[in-house]
Amino acid sequence: MLDAKMVRAKPELVEIALRHRNQIGLLENFLALDSQRRILLVEAEEIKKFRNQASQEVGQQMKQGQNSEKLVERVRQAGQKIKELDQKISEVEANIENIMLNLPNLPDASVPVGPNEESNQLVRVWGEPRQFEFEPQAHWDIGPNLGILDFERAAKLSGARFTVYRGVGARLERALVNLFLDIHIYEHGYEEIFPPFMVNRECMVGTGQLPKFAEDMFKIEGREMYLVPTAEVPLTNLYREEILDEKDLPRYMTAYTACFRAEAGSHGRDTRGVIRQHQFNKVELVKLVTPEKSFEELETMTHNAETVLQRLELPYRVVLLSTGDMGFSSAKTYDLEVWMPSYNEYKEISSCSNCLDFQARRANIRYRPASKERIRYVHTLNGSGVAVGRTVAAILENYQQRDGSVVIPTALRPYMGGLDRIG
RNA sequence: GGAGAGAUGGCCGAGUAGGCUGAAGGCGCUCGCCUGCUAAGCGAGUAUACGGCUAGUAACUGUAUCGAGGGUUCGAAUCCCUCUCUCUCCGCCA
């Protein structure tokens, strides 16, 4: 959520920033409702002031045995008026809230302006795509051929966009989770968290999935509970409605969770393989930091995610997303894209974002500065460290051999019981 | 699933025949004093949100907030209703 006072003070700037995000005309109603709200507030508060004083007076008079009927009657009427005004105010506030909850974060000044991913900015490239001396296969062929991915039976169980991992494939998935977690816990200093995979509505609003993107979520029938679309949701919301001490910051947290996405509106995209699934595994990184530090924390978080790909010796590049390609809650996002031979291009495998105080404001996560200034919102960051299914795909494709077998990256072998090759 | 208890400020914890309690007391924290150092001691201070007024995120001022929402009342942390959560016992279960 944006700071309403800031929007009120500089609507033109906000308008421009929103236009860069392809969001137009969302502010018109806000300004009108906002001033209406303040007019109503002043009126209601004045009457409440009268009521407070008058009802106290009534108490005094009653104690002294005086007749206070007239005053009582006036207060009664004031109470009626207050009820009406409060009613109006809460309607107006509901409208304002609705607008505010649907406004995306504003892009940072360092973000390239552009309508879509075409405007993304290449930041750096690591490693080089391998030159195959044979025709490389796609992971959706490699996996089934090795008997480690079973798409057909997954469809029988759950439909499209699900995969069954079996045998060494299942172990590969599990090994990657453990490798990623170990790197972030023991090398990068993140606290390991194992959160619930279902969360309530407040959490989903807190990180920005709701109310705008309800159709992307899996909701539990008959309950206000949602399957987590990313561990970012439970991790960030761990401190919802809390006031932290500055000495408790920064907080670095990492978690493995399954992630569940309805993928509404992505029909026909990435239909083959494990790239776009309704359920996938991910190790997520989340940071809560002081505002002064958030941009440098974004850099280190991105490097933390890169470490995983470097350890696996997978070629990737880092891209700074343009204003038109960023997620709703983010002010600045780096994507990590891993080389995928089947696509003959780099595919997103991690997304690292600085959300500034946007989520903190929604989730009401604040901290008390050591210097005794007033309480402030923390800044929140999140990043994939990294998507596990896509890593499996990348390993299968980048490490495939002419005979159909797949070499296991060295760093992963201890997690695979020493196995150095599949097939 | 059955029975009962409870939700108050950063924490603990008072507060029911409804009124001057934003809220006693303690702890913690901050500042000052004291002190060879530390500790102890003494004094003062210490909620948040949204408004008004302002050059002002200063001061002043108003309103709201004692789990959430609604009701009764001139007036509710205190009475009534609904919901949520926590705890105890029983049952069931990985």
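These numbers come from the heavy atoms of this one structure, side chains and all, not from hydrogens, waters or symmetry mates. The sequence lines fix the lettering, A, B, ..., with proteins before strands; numbering per chain opens at 1.
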>> Looking only at the side chains, is there a donor atom on one of A:Tyr334 and A:Glu299 sitting less than 3.5 Å from an acceptor on the other?
In response: yes
> Applying side-chain hydrogen bond (donor to acceptor under 3.5 Å, both in side chains), which residue pairs with at least one partner in residues 40-51 of chain A are found, sequence neighbours left out?
Replying inline: A:Lys48-A:Asp86
>> What's the gap between B:rG28 and B:rC83 when it is taken at their P atoms, as a whole Å value?
In response: 42 Å
>> I'd like to check the salt bridge (charged side-chain N to carboxylate O under 4.0 Å, His left out) partners of A:Glu292; sequence neighbours left out, ordered by chain and number.
In response: A:Arg376
> Salt bridge or not for A:Glu263 and A:Arg276, using N-O below 4.0 Å?
Replying inline: yes
> Expressed in angstrom and rounded to an integer, what is the separation of A:Met62 atom CE from B:rC20 atom P?
Replying inline: 15 Å
>> Test: ring pair (Phe, Tyr, Trp, His ring centres under 6.0 Å). Region: residues 20-69 of chain A. Which pairs qualify, not counting sequence neighbours?
In response: none
>> What residues from residues 27-47 of chain A pass a heavy-atom cutoff of under 4.0 Å to RNA chain B?
In response: A:Arg37, A:Arg38, A:Leu41, A:Val42, A:Glu45
> How does RNA chain B read in dot-bracket, base by base from 5' to 3', with Watson-Crick or G-U pairs under 3.5 Å and | used when the partner is on another strand?
Replying inline: ((((((((.[[[..)...(.....]]]((((((.......))))))((((((.......)))))).[[[[[..)....]]]]])))))))....
> If we take the C1' atom in both B:rU65 and B:rA55, what is their distance in whole Å?
Replying inline: 31 Å
> What is the distance from atom OG1 of A:Thr163 to atom CD1 of A:Ile148, rounded to the nearest 0.5 Å?
Replying inline: 11.5 Å
>> Give me each pair satisfying ring pair (Phe, Tyr, Trp, His ring centres under 6.0 Å) with a member in residues 196-216 of chain A, each pair once, sequence neighbours excluded.
In response: A:Phe194-A:Phe197, A:Phe213-A:Phe328
> A:Ile395 and A:Pro409: which non-hydrogen atoms are nearest, and at how many Å?
Replying inline: CG2-CD, 3.9 Å
Find every protein N or O atom lying less than 3.5 Å from an N or O atom of nucleotides 75-82 of chain B, and list the pairs.
none

> For A:Arg223, which contact category applies under a 4.0 Å heavy-atom criterion: base, sugar-phosphate, or nothing?
Replying inline: nothing
> Starting at NZ of A:Lys48 and ending at P of B:rG52, how long is that distance when rounded to a whole Å?
Replying inline: 15 Å
>> What is the distance, to the nearest angstrom, from the CD atom on A:Gln56 to the P atom on B:rC74?
In response: 17 Å
> What integer number of Å spans the P atoms of B:rA76 and B:rU86?
Replying inline: 30 Å
>> Could you tell me how far B:rU8 sits from B:rG51 if I compare only their C1' atoms? Round to whole Å.
In response: 26 Å
> Atom CD of A:Gln53 to atom P of B:rG62: distance rounded to whole Å?
Replying inline: 9 Å
>> Filter on ring pair (Phe, Tyr, Trp, His ring centres under 6.0 Å), then keep only pairs touching residues 137-181 of chain A, sequence neighbours left out; what's left?
In response: A:Phe162-A:His278
> Taking the same atom, P, in B:rU63 and in B:rU21, what whole-Å distance lies between them?
Replying inline: 16 Å
>> In whole Å, measure the gap between the C1' atoms of B:rG41 and B:rA58 for me.
In response: 36 Å
>> In this structure, how many angstroms lie between the C1' atom of B:rG51 and the CD atom of A:Glu93, rounded?
In response: 11 Å
> Once you round it to whole Å, what is the distance between P of B:rU73 and CD of A:Glu57?
Replying inline: 21 Å
At a cut-off of 3.5 Å, list every protein nitrogen or oxygen paired with a nitrogen or oxygen from nucleotides 8-11 of chain B, distance to 0.1 Å.
none

> What distance separates A:Asn105 CG from A:Ser330 OG, expressed to the nearest 0.5 Å?
Replying inline: 7.0 Å
> Tell me, which pairs form a salt bridge (Lys or Arg N to Asp or Glu O under 4.0 Å) where one or both residues lie in residues 4-22 of chain A, sequence neighbours left out?
Replying inline: A:Arg8-A:Asp34
>> I need the A:Leu244 CG to A:Arg251 CZ distance, nearest 0.5 Å.
In response: 7.5 Å
Name the atoms and distances for all side-chain donor-acceptor pairs under 3.5 Å in residues 410-420 of chain A, with sequence neighbours left out.
{"from": "A:Arg413", "atom 1": "NE", "to": "A:Ile408", "atom 2": "O", "distance (Å)": "2.8"}
{"from": "A:Arg413", "atom 1": "NH2", "to": "A:Ile408", "atom 2": "O", "distance (Å)": "2.9"}
{"from": "A:Tyr415", "atom 1": "OH", "to": "A:Asp182", "atom 2": "OD2", "distance (Å)": "2.6"}

> Quantified in whole Å, what is the P atom distance between nucleotide B:rG13 and nucleotide B:rG71?
Replying inline: 33 Å
>> If the cut-off is 4.0 Å, is A:Asn52 near the phosphate of B:rC74, judged by side-chain N/O to OP1 or OP2?
In response: no
> Does A:Lys83 have a side-chain nitrogen or oxygen under 4.0 Å from the phosphate oxygens OP1 or OP2 of B:rU72?
Replying inline: yes
>> In whole Å, measure the gap between the P atoms of B:rC11 and B:rA94 for me.
In response: 39 Å
> With sequence neighbours left out, what residues match A:Arg124 under salt bridge (charged side-chain N to carboxylate O under 4.0 Å, His left out)?
Replying inline: A:Glu306
>> Quick check against the 3.5 Å criterion: does A:Lys70 have a side-chain atom that pairs as donor or acceptor with the backbone of A:Arg74?
In response: no
>> Rounded to whole Å, how long is the line connecting atom CG of A:Asp86 with atom P of B:rG71?
In response: 10 Å
>> Using whole Å, what does the distance between atom C1' of nucleotide B:rG51 and atom CG of A:Leu85 come to?
In response: 14 Å
> Quick one: on RNA chain B, does A:Tyr377 or A:Val72 contact a more 5' nucleotide (nearest heavy atom)?
Replying inline: A:Tyr377
>> Regarding A:Leu71, tell me which of base, sugar-phosphate or nothing describes its non-hydrogen contacts under 4.0 Å with the strands shown.
In response: nothing
> Want to settle it: does A:Lys5 or A:Ala54 sit nearer the 5' end of RNA chain B, counting the closest nucleotide to each?
Replying inline: A:Lys5
>> Nearest 0.5 Å, please: how far is CD1 in A:Ile243 from CD1 in A:Ile375?
In response: 4.0 Å
> For the side chain of A:Arg366, counting heavy atoms from C-beta on, which of B:rG62, B:rC74, B:rU48 is nearest?
Replying inline: B:rU48
